Amino acid sequence: MNRMRKEEEFNDWYNNIVEEAGLVDKRYPVKGMNVWLPYGWKAMRLIDALIRREMERTEHDEVCFPLLIPKTEFDKEAEHIAGFGAEVYWVTHAGNNELDVPLLLRPTSETAMYPMFSLWVRSHTDLPLKTFQLVNTFRYETKQTKAFIRMREIHFFEAHTCHVDFEDAERQIAEDLEIMKHFAKDLCIPYLLTKRPDWDKFAGAYYTVGLDTIMPTGRTLQLGSIHQYKTNFAVPYNITYENEGGEQVHAHQTTYGMSERLLGTVVGIHGDEKGIIFPPSIAPIQAVIVPILSKGNQEHVMEEARKLEEELKAEGIRVHLDDRDFRPGYKYNDWELRGVPLRLEIGMRDIEGGHVMAACRVQGKKILVKREGAGEQIKLIFQEQQEILWQKARSILEESIRTIEDYNQYEEGTIAKAGWCGEEECGHTIEDFTGAAILGTPVPEEETPEGTRCCVCGAHAPSWIYIAKTH
RNA sequence: GGGCCCGUGGGUUAGUUUGGUCUAUACUUGUGGCUUUGGGAGCCAUAGACUCCGGUUCAAAUCCGGGCGGGCCCA
């Protein structure tokens with residue numbers, strides 16, 4: 001492909017890069033279902049590993065529920081059905097038989113898990129119950145699909161918890177927010193936390209906290225969400241426990257969901273006209289070694305390159321030796337496209353000088369690294385890269401937020417922050433007029449200064465809202 | 001839900017308006033070889049396609065109908 005100006009042609013750039021860098025093969029003949037290629041899957045698995053690390057740290061247990069859910073279970077929570085009914089895939093036949101009870105492919109796993117939670121949760125000593133799973137979910141998306149960002153089969157993370165009461169569930173949500181903090185820093189993805197307006201909360205939730213980031217298009221993209229269910233599901237699914245007083249009480253529940261969108265976001269936010277830029281934290285290959293061969297020294301250089309590879313591997317660096325029969329320039333471009341954070345060139349000059357040439361994808365510069373203790377120096381470069389990517393992305397998000405006083409001041413490509421009286425009608429007016437969506441009110445809650453007015457009706461505005469065009 | 005468009009080697013594409021000269025164009029990629037290697041090398045050889053089914057016609061990549069697949073716009 002010709003170099004594409006990422007800023008001007010983001011859609012083309014993105015669609016092209018995910019295939020060209022070998023993340024997915026979009027030719028699978030079902031809309032919204034792509035094939036994960038090894039390189040893309042590796043990146044996803046590394047993101048998953050970060051999630052697992054956080055889940056383990058916070059004592060969640062990993063589970064894995066079946067993909068199929070009986071219609072009878074799905075039907076138990078009315079709002080949930082209303083919200084997801086239109087995008088469910090159904091299994092109505094098995095072999096030659098029509099099924100008495102149709103089965104659906106999970107669009108999310110509440111209705112699969114909660115009948116089981118009802119069996120598992122008996123006593124207050126069983127609580128809190130903190131589980132999560134990493135599975136694929138299915139949603140019959142009718143809009144245009146896009147690799148990682150809008151799919152019909154979604155690689156999905158979902159944590160589901162049960163608690164003794166509302167307060168404990170709230171503590172869980174606080175913990176979820178803290179998890180996100182770590183996690184986003186690792187991915188170098190900044191985000192905005194908002195409590196979704198009532199008309200946009202998750203189907204069945206008491207309230208929903210949305211995690212949104214901003215893409216280079218100036219539109220926001222939801223990275224994940226955290227839901228307080230209160231007892232909305234526990235009642236229909238009969239999740240009760242016996243408290244210390246011997247009474248049967250409904251559990252309070254929360255969920256936390258994220259998806260392969262995280263990968264799409266990393267690609268979209270950090271990439272440049274040369275291709276992807278992976279933060280070292282999730283780069284499938286953190287450092288690639290390109291041997292510079294010339295007549296007469298091939299074996300010697302290759303031997304040194306292999307030695308270097310072993311040394312770095314021993315240091316825990318994900319390193320790859322590119323011994324393909326291409327010229328160096330071709331390899332440079334290839335690995336830049338794939339987003340490898342560090343390229344190590346080793347030729348006779350370097351061997352004789354006791355160093356390697358390190359080309360840093362993020363910093364865009366080349367530096368000489370001493371062979372002695374190279375691993376340590378490389379890790380420092382990685383740290384610096386994480387920091388640069390994080391700061392850069394964060395300032396883009398911060399700079400795109402504009403405070404406005406009247407909703408007709410909303411500018412495309414920005415996230416507007418405005419006063420809001422809290423009336424749903426004013427919310428809809430904003431959405432209809434601007435074509436943008438109301439992300440929600442700030443989390444944690446943020447008081448408005450004296451005299452702040454609703455950007456629609458001019459009444460007293462007790463809270464802020466964020467307004468943005470979304471993906 | 002409504003409307004529109006598209007389907008040619010692995011990828012991008014010419015050809016479709018006006019059926020025949022298509023034994024299908026070009027670039028890229030793949031494979032084998034020679035040569036080369038500090039920023040996408042060159043040469044030689046070679047492989048590879050008209051989405052499927054039906055219709056019209058002496059003749060279909062081209063026209064018509066349907067299926068499947070893909071894309072776009074509006075609500």
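Everything quoted here is computed from the prediction, not taken from an experiment. Numbers restart at 1 for each chain; the letters A, B, ... are given by sequence-line order, proteins then strands. Heavy-atom basis, side chains included; hydrogens, waters and symmetry copies ignored.
K31(A) comes within 4.0 angstrom of sugar-phosphate atoms only, judged by non-hydrogen atoms across all strands, and of no base. The residue V30(A) sits close only to the backbone: its heavy atoms come under 4.0 Å of sugar-phosphate atoms, none of a base. Using a 4.0 Å heavy-atom distance criterion, E19(A) is classed as making no nucleic acid contact. Residue R324(A) is out of contact with every strand shown, counting any heavy-atom pair closer than 4.0 Å.
Across all strands shown, the partner of U51(B) is G67(B), judged by Watson-Crick or G-U wobble contacts whose two distances both fall under 3.5 Å. G32(B) and C44(B) make up a base pair, with Watson-Crick or G-U wobble contacts both under 3.5 Å. C27(B): Watson-Crick or G-U partner is G11(B), with both key distances under 3.5 Å. Across all strands shown, G39(B) remains unpaired; no Watson-Crick or G-U wobble contact has both distances below 3.5 Å. A61(B) makes up no base pair with any nucleotide shown, lacking Watson-Crick or G-U wobble contacts both under 3.5 Å. With a cut-off of 3.5 Å on both pairing distances, U56(B) has no Watson-Crick or G-U wobble partner at all. For U16(B), there is no paired nucleotide, since no Watson-Crick or G-U wobble pair has both relevant distances below 3.5 Å.
Closest to the side chain of M357(A), from the set U36(B), G40(B), G38(B), is G38(B). Residue T145(A) places its side chain closer to G71(B) than to any other of U36(B), G71(B), G38(B). Closest contact between the side chain of K295(A) and the listed nucleotides G39(B), U36(B), U37(B) involves U36(B). Of the candidates A41(B), G38(B), U36(B), G38(B) carries the atom nearest the D350(A) side chain, counting heavy atoms from C-beta on. Which of G38(B), G39(B), U36(B) sits closest to the side chain of P328(A) comes down to G38(B).
Between the CZ atom of F326(A) and the P atom of A41(B) there is a distance of 10 Å, rounded to whole Å. Rounded to whole Å, the distance from CG on L293(A) to C1' on U35(B) is 15 Å. As rounded to whole Å, 15 Å separates atom P of U37(B) from atom CE of M348(A). Spacing between atom CD of E20(A) and atom P of U28(B) amounts to 15 Å, rounded to whole angstrom units. Rounded to an integer number of Å, the gap from N15(A) CG to G70(B) P is 14 Å. When rounded to the nearest whole Å, the span between CD of E352(A) and P of G38(B) equals 16 Å. Taking atom CG of residue D325(A) and atom P of nucleotide G33(B), one finds them 10 Å apart after rounding to whole Å. In this entry the distance linking CG of N333(A) with C1' of A41(B) reads 13 Å, nearest Å.
For A49(B) and U25(B), the C1' atoms lie 12 Å apart once the distance is rounded to whole Å. For the P atoms, the distance from U17(B) to U62(B) is 10 Å, rounded to whole Å. Taking atom C1' in both G66(B) and G30(B), the straight-line distance is 37 Å, to the nearest Å. Spacing between A75(B) and A14(B) at atom C1', rounded to whole Å, works out to 38 Å. Comparing the P positions of C52(B) and A61(B) gives a spacing of 11 Å, expressed to the nearest Å. When the P atom is compared between U13(B) and C22(B), the two are found 23 Å apart, to the nearest whole Å. Comparing U16(B) with U8(B), their C1' atoms sit 11 Å apart, to the nearest whole Å. Using C1' as the reference atom, C43(B) and U23(B) are 28 Å apart when rounded to the nearest Å.
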Give me, pair by pair, the N or O atoms of the protein and of nucleotides 11-14 of chain B that are less than 3.5 Å apart, along with how far apart they are.
none

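Within the structure, side chain to side chain donor-acceptor pair (under 3.5 Å) pairs that include any residue of residues 40-51 of chain A comprise D48(A)-H155(A) (at least two apart or interchain). Listed by first then second residue, pairs satisfying side chain to side chain donor-acceptor pair (under 3.5 Å) with a partner in residues 403-412 of chain A read D406(A)-N408(A), E412(A)-K469(A), not counting sequence neighbours.
Dashed line: the shortest gap from a side-chain N or O of R327(A) to OP1 or OP2 of U35(B) is not under 4.0 Å.
Judged by a 6.0 Å distance limit and a 45° cone about the ring axis, K331(A) is not positioned over the six-membered ring of F326(A). Relative to the ring axis of F202(A), R196(A) does not place its NZ or CZ within 45° and under 6.0 Å from the centre.
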Worksheet item: Which is it for K313(A) and E309(A) under the salt bridge (Lys or Arg N to Asp or Glu O under 4.0 Å) test, yes or no, and what are the steps along the way?
Response: CA-CA 6 Å; K313(A) 240 182 216 165; E309(A) 183 191 16; 3.6 Å; yes
Item to complete: Before giving the answer on salt bridge (Lys or Arg N to Asp or Glu O under 4.0 Å), spell out for E141(A) and K31(A) the whole-Å C-alpha distance, their side-chain angles and the decisive distance to 0.1 Å.
Response: CA-CA 9 Å; E141(A) 190 59 65; K31(A) 180 186 170 83; over 6 Å; no
Practice prompt. Any chance you could lay out the side-chain hydrogen bond (donor to acceptor under 3.5 Å, both in side chains) test for H227(A) and T208(A), step after step, and finish with the verdict?
Written response: CA-CA 5 Å; H227(A) 312 291; T208(A) 290; 2.9 Å; yes
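Contact of D334(A) with G40(B) (side chain to base): no donor-acceptor pair of N or O atoms is detected under 3.5 Å.
Below 30°, between 30° and 60°, or above 60°: for F278(A) and Y39(A) the angle between ring planes is above 60°, a perpendicular geometry.
Remark: D272(A) does not engage K274(A) in a salt bridge, criterion side-chain N to carboxylate O under 4.0 Å.
Considering every non-hydrogen atom in both M357(A) and D350(A), the closest pair reads N-OD1, 3.7 Å.
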